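To find a chain, count down the sequence lines: A is the first, B the second, and so on, and within it residues start at 1. What you see is a predicted model, and the numbers here were worked out from it, not measured in a lab.
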Amino acid sequence: MDIKSAEMAFFREGTTDQIAQKLLGTTLNYRNPDGQLFSGLIVETEAYLGELDSAAHAFKGRHTAANDPLYGPAGTIYIYSIYGHYLFDVATQEAGVPQGVLIRAIQPTVGIEQMQINRHQTGYNLTNGPGKVMAAFGIHDLNLNGRLAQQPPLWIDYSHPKQPQAIISSARIGVENQGDWASKPYRFLVGGNPYVSKIRKREVDLINLGWQD
DNA sequence: CAGCTGATGTTCT
DNA sequence: GAACATCAGCTGA
C-alpha cells in the first residue's frame, strides 16, 4: 500500500464515530500564505452521521452548495460559517456518504505567538472552541473549502498520535434542539485536557494535560 | 467560576 | 426575514 492509500484509509477505516475518536491526539496543521506554520494536537471532536442524524447538516439528504464538501471523498475539508465564525470539519466516508467530524478544540504546539496576535487572547482561551481554532490560524474565509486534509496547506498528520489517558464522550454542543439525535454521545474529548471547550477548572489535569506519559 | 445575552454574517426560505 | 455545529463580555457570588 502506498502512502496515498494509507492516508485515505485512515479516514475511511471504521465508522465516523470511531474516526472521531482516532483523531484525538493527531495534529492539525496550517501553513498560511506568508509561510507561517500553525500546529496543534486535536483534543475534542464531534461526529455527524449524515442523512439519519437529525443534528447533521446533511440530515434527510440535504445537499446544497454550502454543505457539498460533506459529500466529497474521505478527507475532504468542509469549512462552515456560523454567526460570523468559521468551523473546520473533515468528511470521513466515501464520496456520496455525507458524514464528517467537526474539530472543536486543539492544544497549540507551533505558532503560538501568532495565534495570540490573531485571537487577541492568551492561555487556554486561544483554541478551546471550533471558531477559535480557525481564528487562531487566521482563517476567515472559505478559500480552502473542498480541498483535501491529507496535504498542505491545511492538513491532519496522524502518523505519530499522542495517546489520551482517557477518551470521554458526551452529547454534542450547540445542537440541543436539533431532534432525536441531539442527545447521542457523539462528542469526544481528551479527558482532563485544559483546551477542551467548557471544561471545568477542577476537572483539568495540569500534570499531563490528559495524555499518557 | 458559572450562567446569561447581545453581536455576528452567511445561507436558505 | 429567520435560523444558526459561536464568542466575548458582563453579571452575581
Q) Salt bridge between A:Arg172 and A:Asp53, side-chain N to carboxylate O under 4.0 Å? A)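 Between A:Asp53 and A:Arg172 there is a salt bridge, with a charged N closer than 4.0 Å to a carboxylate O.
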Without decimals, in angstroms, what is the distance between [X] [atom1] and [N] [atom2]?
X        : N      : atom1 : atom2 : result
A:Ile82  : B:dT8  : CD1   : P     : 15 Å
A:Ile79  : C:dT6  : CD1   : C1'   : 16 Å
A:Asp141 : B:dT11 : CG    : P     : 12 Å
A:Asn67  : C:dC4  : CG    : C1'   : 14 Å
A:Asn145 : B:dT11 : CG    : P     : 10 Å
A:Tyr83  : C:dA5  : OH    : P     : 7 Å
A:Asn177 : C:dA2  : CG    : C1'   : 15 Å
A:Leu87  : C:dC7  : CG    : C1'   : 11 Å

Can you tell me if the side-chain N/O atoms of [X] get under 4.0 Å from OP1 or OP2 in [N]?
X        : N      : answer
A:Gln178 : C:dA3  : no
A:Arg104 : C:dT6  : yes
A:Arg202 : B:dC1  : no
A:His85  : C:dC7  : no
A:Tyr80  : C:dA5  : yes
A:Lys132 : C:dA8  : yes
A:Thr64  : B:dC12 : yes

(Q) Can you tell me how the ring of A:Tyr186 sits relative to the ring of A:Trp181, calling it parallel under 30°, perpendicular over 60° and tilted otherwise? (A)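 Plane angle between 30° and 60°, so tilted.
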Q) Aromatic rings A:Tyr30 and A:Phe38: how do their planes relate, parallel, tilted or perpendicular, breaks at 30° and 60°? A) parallel
Check every strand shown and say whether [X] touches a base, only sugar-phosphate, or nothing at a heavy-atom separation below 4.0 Å.
X        : result
A:Arg62  : sugar-phosphate
A:Glu46  : nothing
A:Asp89  : base
A:Ile103 : nothing

Side chains of [X] and [Y]: do they bring a donor and an acceptor to under 3.5 Å?
X        : Y        : result
A:Gln212 : A:Asn208 : no
A:Gln93  : A:Thr16  : yes
A:Ser39  : A:Asn29  : yes

Q: Could you say whether A:Arg119 or A:Ile173 is positioned toward the 5' end of DNA chain C, judged by the nucleotide with the nearest heavy atom to each?
A: A:Ile173
Q) Toward the 5' end of DNA chain C, which comes first, A:Tyr48 or A:Gln121, by nearest nucleotide? A) A:Tyr48
Q. Closest approach of A:Gln18 and A:Gly14, non-hydrogen atoms and distance?
A. OE1-CA, 3.2 Å
Q.
Show me the dot-bracket string of DNA chain B, counting Watson-Crick or G-U pairs under 3.5 Å, with | for pairs to another strand and [ ] for crossing ones.
A. |||||||.||||.
Q | Residue pairs fulfilling salt bridge (charged side-chain N to carboxylate O under 4.0 Å, His left out) with at least one residue in residues 28-52 of chain A, sequence neighbours excluded | A | A:Glu44-A:Arg104, A:Glu44-A:Arg187, A:Glu46-A:Arg104
